[in-house]
Amino acid sequence: MSEKENQNMHWADIMAEKIIREKGDKELYTCASGITPSGTVHIGNFREIITVELVVRALRERGKNVRFIYSWDDYDVFRKVPKNMPDPELLEKYLRYPITLVPDTTGRADNYARGNEVAVEDDLPKVGVFPEYIYQAARYRSNVYAEEIRKALSMRDEIRAILNEFRTEPLADDWWPVAVFSSFTDKDNTKVIAWDGAYGLTYRDLDLDKEETIDIRTTPNTKLPWRVDWPMRWAYEGVDFEPGGKDHLTEGGSYDTAKSVVRLFGAEAPVTMRYDFIRLKGKGGKISSSGGEVADLSDVLEIYPPEIVRYLFVGTRPSAEFAISFDLDVLKIYEDYDNTERIYFGLLNVNDKKREKERRIYELSQVDDRKIPTEPGYQIPFRHLCNYLQIYSGDQEKVLERLSDATESQKERLRVRMSCAWAWLEKYAPEEFCFSLSGPDSLYDASESERAAIRELAGFVSDHLDGSTEKEFSEYIYKTAADNGMENPDFFRLVYMVLIGKEKGPKLAGFLKACGSEKVLEILRRY
RNA sequence: GGGCCGCUAGCUCAGCUGGUAGAGCAGCAGACUCUUAAUCUGCGGGUCAAAGGUUCGAUCCCUUUGCGGCUCACCA
């Protein structure tokens, strides 16, 4: 790989090569990601998942055998009731329980953690992400890690020394690298008292002031604290790559201590990369129900097709923060994607460097890398699609009839796009952007002279709309205004009032053509 | 207190291993008697935060400073 080629490489490819370089030639590369499902798994968390997915794909394209694991840290403690969860009073009662023992007040699953998990697991396949899920609660509770916990206990002093390097308050002498959920209360308000040097651990339940000795091979109570748990899993799974947010990847952060702790477990830290957070733009407004402004993958998938969701992340360096837009920027995002697509299919000429870059972005944006489209999507700007949809009150099939020259594969993509467009129009589009054609019940109170003008326009529509271009037909519009002694602006206002009950609307001639003479006449002839 | 990131046209940002910068939007001008961020065309010299340094040459490397943001030092 020459330096010149390297310069143009996509970050996922650069990362894949770095992994191969640093970890050597291996039979299997393990790439990992994970999070505590202690609340809605939002789009910022998704950034980590998609980052791993892209690197995994880049590795596989290099002929590597890759395992992509996703760890749900669902044996974590429920510390805080998130603002956006229903029935907070009920949830309040479960603080300090493991999140798998907290009820799911959203009704999605049989426990709180699982509810947050399924939301993500249901959506990830839609964007082409298929990790192997690992459930830490199940692992811990079935004692899979008993040996690792014993090791951690035996390396107590070394671990403490590593953690103390960055702490202001050193860990106490009686600190143990293990957390215990009480078998009396299920809560973690406990304190380890003694370890027998093997598998016997004695703790005290601080709520009840009761003591118990458990066997870490047979009781489900113990887990490792985060800064020990993370490196333990690296060693256990043989992780070669795992990215992290900037909270982890800072001096003194958990990656820093984990890369020392992992050596105690006889392994080396994975290659990592830092990703920045995601901001939201244009969300809130109409739908800010709880004040807690969260957007998860399903919120984003509602207004962007899967390949565009991927595109947002593929096209941005992970280390750069960016905003996901729900406002009018949505239009631009669609245009940007379509532009990349046009470059990919050679419909747009750009220099080699740019073309190469966009080509790779397009490929990686596709949900299934074995099914990359062989033709571009139907060329219609997103805003036009929005107008067509509104003309037909959201009836996708009617819109497709108008776009009859679209191929089957284009229609398929158009359907997805239209669903997104409709959702966007209903939830986020600004008021000025939205309209609906007037029905029989919403007549505009027109004067007699206005009615005459409308009737004349109806005649022109009937005779000429279908046969003339947009530009040609605007002449008839001007003529109608002139014939009836109306100023243009007044006449335009009148027509919009009649058609959509608003003073302004889409550019009139084009709008009339988009509606089609049949629909237009149906409305005009009421006057 | 430590660390990290950013500071480029009015706005949002590209510019990724050095050869004095570019897209979109806004704006301006014109085209058709016209209207929403929804017509087309033309128009982009901004001390690349500041000062030093390295260099034949720096927006891009090094140092320092300023401003903004994030993060760790509690837990995960």
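Letters A, B, ... are given to chains in the order of the sequence lines, protein chains preceding strands, and every chain is numbered from 1.
- The backbone N or O of Gln136(A) sits nowhere less than 3.5 Å from a side-chain atom of Trp72(A) that would complete a donor-acceptor pair.
- With C1' as the reference atom, A51(B) and A9(B) are 24 Å apart, rounded to whole Å.
- Among residues two or more places apart in sequence or in another chain, the side-chain contact (heavy atoms from CB on, under 4.5 Å) test is passed with Pro103(A) by Leu90(A), Tyr94(A).
- Not counting sequence neighbours, Asn221(A) has no partner by the side-chain hydrogen bond (donor to acceptor under 3.5 Å, both in side chains) test.
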The contact string for nucleotides 69-76 of chain B, one letter per nucleotide 5' to 3', using protein heavy atoms under 4.0 Å with B, S and - for base, sugar-phosphate only and none, comes out as -SSSSSSB
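- Atom OH in Tyr275(A) sits roughly 19 Å away from atom P in G6(B) (whole-Å rounding).
- The partner of C70(B) is G3(B), judged by Watson-Crick or G-U wobble contacts that both fall below 3.5 Å.
- Rounded to a whole Å, the CG atom of Leu508(A) is 12 Å from the P atom of U35(B).
- As rounded to the nearest Å, C62(B) and C74(B) have P atoms that lie 31 Å from one another.
- Rounded to a whole angstrom, the distance from the C1' atom of U47(B) to that of C43(B) is 24 Å.
- Here the C1' atom of nucleotide G3(B) and the CD atom of Glu165(A) are 15 Å apart, to the nearest Å.
- Lys332(A) comes within 4.0 angstrom of sugar-phosphate atoms only, judged by non-hydrogen atoms across all strands, and of no base.
- Every residue meeting the ring-ring contact (aromatic ring centres under 6.0 Å, His included) condition with Tyr236(A), not counting sequence neighbours, appears here in chain and number order: Tyr145(A).
- Thr316(A) is linked by a side-chain contact (heavy atoms from CB on, under 4.5 Å) to Arg47(A), Ala320(A), Phe322(A), counting only residues two or more places apart in sequence or in another chain.
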Can you list, pair by pair, the side-chain donor-acceptor contacts under 3.5 Å of residues 38-46 of chain A, counting residues two or more places apart and other chains?
{"unit_1": "Thr40(A)", "atom_1": "OG1", "unit_2": "Asn84(A)", "atom_2": "ND2", "d": "2.8"}
{"unit_1": "His42(A)", "atom_1": "ND1", "unit_2": "Gly44(A)", "atom_2": "N", "d": "3.0"}
{"unit_1": "His42(A)", "atom_1": "ND1", "unit_2": "Asn45(A)", "atom_2": "N", "d": "3.4"}
{"unit_1": "His42(A)", "atom_1": "NE2", "unit_2": "Asn45(A)", "atom_2": "OD1", "d": "3.3"}
{"unit_1": "Asn45(A)", "atom_1": "OD1", "unit_2": "His42(A)", "atom_2": "N", "d": "2.9"}

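- The existence of a salt bridge linking Arg360(A) and Asp13(A) is confirmed by a sub-4.0 Å separation between a basic side-chain nitrogen and an acidic carboxylate oxygen.
- In this structure, Lys479(A) atom NZ and C34(B) atom P are separated by 18 Å, rounded to whole Å.
- Spacing of P atoms, G68(B) relative to G27(B), comes out at 31 Å, to the nearest Å.
- Both distances falling under 3.5 Å, in either a Watson-Crick or a G-U wobble arrangement, place A49(B) opposite U65(B).
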For residues 167-178 of chain A, dump all side-chain donor-acceptor pairs below 3.5 Å to protein atoms at least two apart in sequence or in another chain.
{"unit_1": "Arg167(A)", "atom_1": "NE", "unit_2": "Glu169(A)", "atom_2": "O", "d": "2.9"}
{"unit_1": "Asp174(A)", "atom_1": "OD2", "unit_2": "Lys191(A)", "atom_2": "NZ", "d": "2.8"}

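- Residue Arg493(A) is classed as having no contact, given no heavy-atom separation below 4.0 Å to the nucleic acid.
- Classification of Lys332(A) and Asp329(A) as a salt-bridged pair fails, no side-chain N sitting under 4.0 Å from a carboxylate O.
- Residues that satisfy the ring-ring contact (aromatic ring centres under 6.0 Å, His included) test with Phe460(A), not counting sequence neighbours, are Tyr476(A).
- A distance of about 10 Å separates the C1' atoms of U8(B) and A14(B), rounded to the whole Å.
- Contact annotation for Leu249(A): no contact, since no heavy-atom pair falls under 4.0 Å across all strands.
- Spacing between U64(B) and G24(B) at atom P, rounded to whole Å, works out to 39 Å.
- Atom CG in Asp13(A) sits roughly 15 Å away from atom C1' in C16(B) (whole-Å rounding).
- Counting to the nearest Å, the P atom of A23(B) and the CD atom of Glu358(A) are 14 Å from each other.
- Taking atom C1' on both nucleotides, G44(B) is separated from G10(B) by 12 Å, rounded to a whole Å.
- Distance CG (Asp336(A)) to P (C25(B)): 10 Å, rounded to an integer number of Å.
- With a 3.5 Å ceiling on both atom-pair distances, the Watson-Crick or G-U wobble partner of A23(B) is U12(B).
- A side-chain donor from one of Arg402(A) and Tyr392(A) sits under 3.5 Å from a side-chain acceptor of the other.
- The CG-P distance, from Asp490(A) to U35(B), rounds to 12 Å in whole Å.
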Pairs under 3.5 Å (N/O, protein and nucleotides 37-41 of chain B):
{"unit_1": "A37(B)", "atom_1": "O2'", "unit_2": "Arg383(A)", "atom_2": "NH2", "d": "3.1"}
{"unit_1": "A38(B)", "atom_1": "O4'", "unit_2": "Arg383(A)", "atom_2": "NE", "d": "3.0"}
{"unit_1": "A38(B)", "atom_1": "N1", "unit_2": "Asn387(A)", "atom_2": "OD1", "d": "2.7"}
{"unit_1": "A38(B)", "atom_1": "N1", "unit_2": "Asn387(A)", "atom_2": "ND2", "d": "2.8"}
{"unit_1": "A38(B)", "atom_1": "N3", "unit_2": "Asn387(A)", "atom_2": "ND2", "d": "2.9"}

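- Under the Watson-Crick or G-U wobble criterion, with both distances below 3.5 Å, A76(B) has no partner in any strand shown.
- The base of C34(B) lies close enough to the side chain of Tyr478(A) for a donor and an acceptor atom to sit less than 3.5 Å apart.
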